[in-house]
Amino acid sequence: MIQSVQRALRLLEAVGEDERPVSAKMLARRTGIALPTAYHLLRTLVHEGYLRRTSSGYVLGEQVGTLQSSRGNRSVLNRARPALKSLRDEVGGAVYLALYQDGEIVLADIADSPSTHQVDLWVGVQEFGHATAFGKCVLASLDALSREDYLARHQLVDLTPYTLTDRRALTLGLAAQPRYLTDREEFRIGTACIAVPIQTPHFVGALAMSERARRYDGMLTRVDRLHRVAAEIGRLVAATY
């Protein structure tokens, strides 16, 4: 066994067992690690993001949560991918899976093909949940406090002349929890999108499809199919958690 790794893990466990920040001296006493060694290990764990140092002591860092959420996301994607591809082939448009993770709306997967209408959504898309159908769908599925937290941290940028930037109007629309959400050229001129929620006790997300804006009315006939696939994905990924 590598002793330094064991000691670092003991420090992580000791921090995780306490709801309050823990000082280096207290951690050294709890783990039986010499204080100078504890300082070196704590500094490394902070540098790597597994711990965070506050004025009162050490707390778990963001990287600890990332380990579990990344594992969960991979399982979600593995289980959902076949359903996404099947839906893409059926509707003839690009299909998207979005997840709510650590306070952000993450575009987790896209099922498209050379024959589908291409939309570049990867870069910066999580900053503009107000302008995408799947972003609005995720926000509508959140509780009021989580939704307000997201909106407080993200500016309602007018990406196109059709983007809704009135926070009150957006909040009222989301709170109504409509059966589906839409984006009619709000994110990209020439592109329309519809989305439905995916919800389980431990999972919030959205399933969406996009097409050229002129085909918007035809997309609405796919809402029931989207709901059925979203329910299927919800059942498939429920076992992940």
Worksheet item: Between the side chain of E185 and the main-chain N/O of G190, is any donor-acceptor distance below 3.5 Å?
Response: yes
Worksheet entry | All side-chain hydrogen bond (donor to acceptor under 3.5 Å, both in side chains) counterparts of R43, not counting sequence neighbours | H40
Worksheet entry | Option among V95, I198, V91, L87 that satisfies the side chain to side chain contact (heavy atoms under 4.5 Å, CB included) test with V229 | L87
Worksheet item: How about Y100 and S146: do any of their side-chain heavy atoms sit closer than 4.5 Å?
Response: yes
Worksheet item: Linking I/L/V/M/F/W/Y whenever any side-chain heavy atoms sit under 4.5 Å apart, do L9 and I2 land together?
Response: yes
Discussion item. Distance check, rounded to the nearest 0.5 Å: D183 atom CG versus C137 atom SG?
Written reply: 12.0 Å
Worksheet item: Do I194 and L181 come within less than 4.5 Å of each other through their side chains, counting heavy atoms only?
Response: no
Fill in: Nonpolar side-chain network containing Y162, other nodes, edges under 4.5 Å
I189
Worksheet entry | Shortest non-hydrogen separation from T191 to S210 and the atoms involved | CG2-CB, 4.2 Å
Fill in: Residue pair Y58 / L27, side-chain heavy-atom distance below 4.5 Å
yes
Worksheet entry | Donor-acceptor under 3.5 Å (Y50 side chain, L42 main chain) | no
Item to complete: Please list, chain by chain and in numerical order, all residues satisfying side-chain hydrogen bond (donor to acceptor under 3.5 Å, both in side chains) with R153, sequence neighbours excluded.
Response: E104, D149
Discussion item. Nearest 0.5 angstrom please: C193 SG to E186 CD, how far?
Written reply: 10.0 Å
Worksheet item: Heavy-atom distance under 4.5 Å between the side chains of F128 and I105, does that happen here?
Response: no
Practice prompt. Just grab all the side chain to side chain donor-acceptor pair (under 3.5 Å) pairs involving residues 27-39, residues at least two apart or on different chains.
Written response: D18-R30
Fill in: Spatial distance of atom CG (L174) from atom CG (L164) [nearest 0.5 Å]
8.5 Å
Discussion item. Please report the interatomic distance OH(Y96) to CG(L84), rounded to the nearest 0.5 Å.
Written reply: 11.5 Å
Discussion item. With rounding to the nearest 0.5 angstrom, report the NZ to CZ distance, K136 to R147.
Written reply: 13.5 Å
Discussion item. Side chains of T54 and R52, heavy atoms from C-beta outward: is any pair under 4.5 Å?
Written reply: yes
Worksheet item: Considering residues at least two apart in sequence or located in another chain, which fulfil the salt bridge (charged side-chain N to carboxylate O under 4.0 Å, His left out) criterion with R214?
Response: none
Worksheet item: Is atom CZ of R168 surrounded by more than 12 heavy atoms (other residues, nucleotides or ligands) closer than 6.0 Å?
Response: no
Worksheet item: Roughly how far apart are E148 CD and D143 CG, rounded to 0.5 Å?
Response: 10.5 Å
Response to the item:
side-chain hydrogen bond (donor to acceptor under 3.5 Å, both in side chains) filter on R10, not counting sequence neighbours, yields E13
Worksheet entry | Identified salt bridge (charged side-chain N to carboxylate O under 4.0 Å, His left out) counterpart of E90 within the set R225, K85, R228 | R225
Item to complete: Heavy atoms only: give me the nearest L170-H130 pair and the separation to one decimal.
Response: CD2-CB, 3.7 Å
Worksheet item: Would you call M26 and S23 a side-chain contact if the rule is heavy atoms closer than 4.5 Å?
Response: yes
Practice prompt. Measure from the side-chain N and O atoms of T171 to the backbone N and O of R167, and report whether any donor-acceptor pair falls under 3.5 Å.
Written response: yes
Worksheet item: So, does E211 use its side chain to make a donor-acceptor pair with the main chain of G93 at under 3.5 Å?
Response: no
Worksheet item: Would you say the side chain of T160 lies within less than 4.5 Å of the side chain of R188, judging by non-hydrogen atoms?
Response: no
Discussion item. Do L11 and V59 land in one hydrophobic cluster if side-chain heavy atoms of ILVMFWY residues count as linked below 4.5 Å?
Written reply: no
Worksheet entry | Heavy-atom side-chain contact between L12 and L60 under 4.5 Å | yes
